[in-house]
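Here the structure comes first, spelled out in structure tokens, and everything after it is commentary.
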Amino acid sequence: MDRQQRIIQMFNDISPTYDRLNRILSFGIDQRWRRNACQAALQNHGRPVRHLVDVATGTGDLILCWREAGRATGTPIQQVTGVDPAQGMLELARRKVKNARFIEAPATSLPLEDEAADMVSISYGIRNVLDVDGALREFHRVLEPGGHLLILEFMSPARPGLVDRIGRFYMSRLLPKVGAFISRDPEAYSYLPESIQGFLTSQALVEKLEAAGFEMVQVKDDTFGISTRFVARRPPRD
Ligand SMILES: C[S@@+](CC[C@H](N)C(=O)[O-])C[C@H]1O[C@@H](n2cnc3c(N)ncnc32)[C@H](O)[C@@H]1O
């Protein structure tokens with residue numbers, strides 16, 4: 001099994017406890033990050049969403065937030081597709097999220113036509129994709145010109161300060177213990193802090209987005225930069 005396959009297998013293994021642990025480990029703040037990010041993306045989009053594609057959808061939490069944000073901003077969201085390579089996560093998503101179709105696939109190879117979507121999102125997923133450039137190219141391909149991309153992620157800090165050090169202590173010492181206890185999978189919850197430390201800074205991701213053909217609309221840190229939101233747009237046709 002290669003490294004990417006091992007990551008996907010790990011998400012399959014922890015899928016039964018994933019939702020409960022997410023709420024406990026982030027004290028529920030993650031739901032607010034998701035909701036605010038969806039609202040910001042919809043406000044920038046400024047029109048009904050024809051087809052939303054949520055990549056690395058996991059158990060489908062972000063899709064529920066998209067719908068809530070759609071109601072809050074009066075923006076209808078018509079067709080919804082969730083994509084994830086972990087079958088265990090998708091089974092839970094299918095039970096939890098109605099009126100959406102779910103497809104098993106990695107971010108780097110979306111089984112969708114060119115320009116099939118006008119909104120693409122990925123929350124806390126891009127960090128697990130080893131070929132980030134390949135995934136961003138794929139998001140650009142499936143988005144129609146003028147369509148938006150929303151990324152939420154725990155980025156690696158550019159200049160670690162006091163808050164980062166506290167955050168890192170929580171992530172590297174406390175979180176793996178609580179996560180291992182509840183999920184009974186110690187490896188999975190030591191992977192989380194490691195994957196954040198090894199990931200890109202916000203600036204590096206912006207450079208990759210621009211290289212893939214996106215224009216940046218918004219980069220915003222939430223809760224002292226623990227989570228960062230990126231809204232980008234595939235430039236419209238002239
Ligand atoms: C931390 S979970 C996030 C799930 C969900 N988006 C959320 O916000 O709760 C990361 C997800 O990324 C998926 N994943 C792992 N490798 C991937 C890849 N190469 N392409 C797409 N998704 C991947 C995992 O299966 C998992 O469901």
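We count ligands from 1, going down the list as the structure has it; atoms in each ligand are counted the same way. Just so it is clear, the values below take in all heavy atoms, side chains as well, and ignore hydrogens, waters and symmetry mates.
- Rounding to the nearest 0.5 Å gives a distance of 8.5 Å between CG of Asp114 and CD of Glu138.
- Atom 7 (C) of ligand 1 has its closest protein heavy atom at Arg34 NH2, 3.1 Å.
- Nearest protein heavy-atom contact of atom 12 (O) of ligand 1 is Ala56 CB, 3.4 Å.
- Some N or O of Gln4 is nearer than 3.5 Å to an N or O of ligand 1, by distance alone.
- Grouping the Ile, Leu, Val, Met, Phe, Trp and Tyr side chains by contacts below 4.5 angstrom, directly or via other members, places Val219 with Leu149.
- A donor-acceptor pair shorter than 3.5 Å cannot be found between the side chains of Arg6 and Gln9.
- Set against the non-hydrogen atoms of Ala86, the atoms of ligand 1 under 4.0 Å away are 25 (O).
- Distances from atom 13 (C) of ligand 1 to the heavy atoms of Asp19, Asp84, Asn128 show the closest one on Asp84.
- With Thr57, Leu62, Asp54 as candidates, the residue nearest to atom 5 (C) of ligand 1 on a non-hydrogen basis is Thr57.
- Within the 3.5 Å criterion, the main-chain N or O of Leu90 finds no donor-acceptor partner in the side chain of Asp84.
- Ion pair Arg32/Asp222 not flagged as a salt bridge, since none of the NZ, NE, NH1 or NH2 atoms sits closer than 4.0 Å to an Asp/Glu carboxylate oxygen.
- The shortest N or O to N or O distance between Ser123 and ligand 1 is below 3.5 Å.
- Atoms of ligand 1 lying under 4.0 Å from at least one heavy atom of Val129, given by number and element, are 18 (C), 19 (N), 20 (N).
- Below 3.5 Å of separation, one finds an N or O of Tyr18 facing an N or O of ligand 1.
- A side-chain donor from one of Asp221 and Thr228 sits under 3.5 Å from a side-chain acceptor of the other.
- When each atom of ligand 1 is checked for a heavy atom of Tyr124 under 4.0 Å away, the hits are 1 (C), 2 (S), 3 (C), 8 (O), 10 (C).
- Residue Arg3 places its CZ atom among 12 or fewer non-hydrogen atoms of other residues, nucleotides or ligands, all under 6.0 Å distant.
- Within ligand 1, the atoms closer than 4.0 Å to a non-hydrogen atom of Met89 are 27 (O), numbered from 1 in the order shown.
- Arg50 and Gln79 share no donor-acceptor pair across their side chains, judged by distance under 3.5 Å alone.
- Distance from atom 20 (N) of ligand 1 to its nearest protein heavy atom, with residue and atom name: Ala107 N, 2.9 Å.
- In this model, no donor atom of one side chain and acceptor atom of the other lie less than 3.5 Å apart for Thr75 and His45.
- The contact set between ligand 1 and Ile8, taken as ligand atoms under 4.0 Å from a residue heavy atom, comprises 16 (N).
- Of the options Gly125, Pro106, Pro85, the smallest heavy-atom separation from atom 22 (N) of ligand 1 is shown by Pro85.
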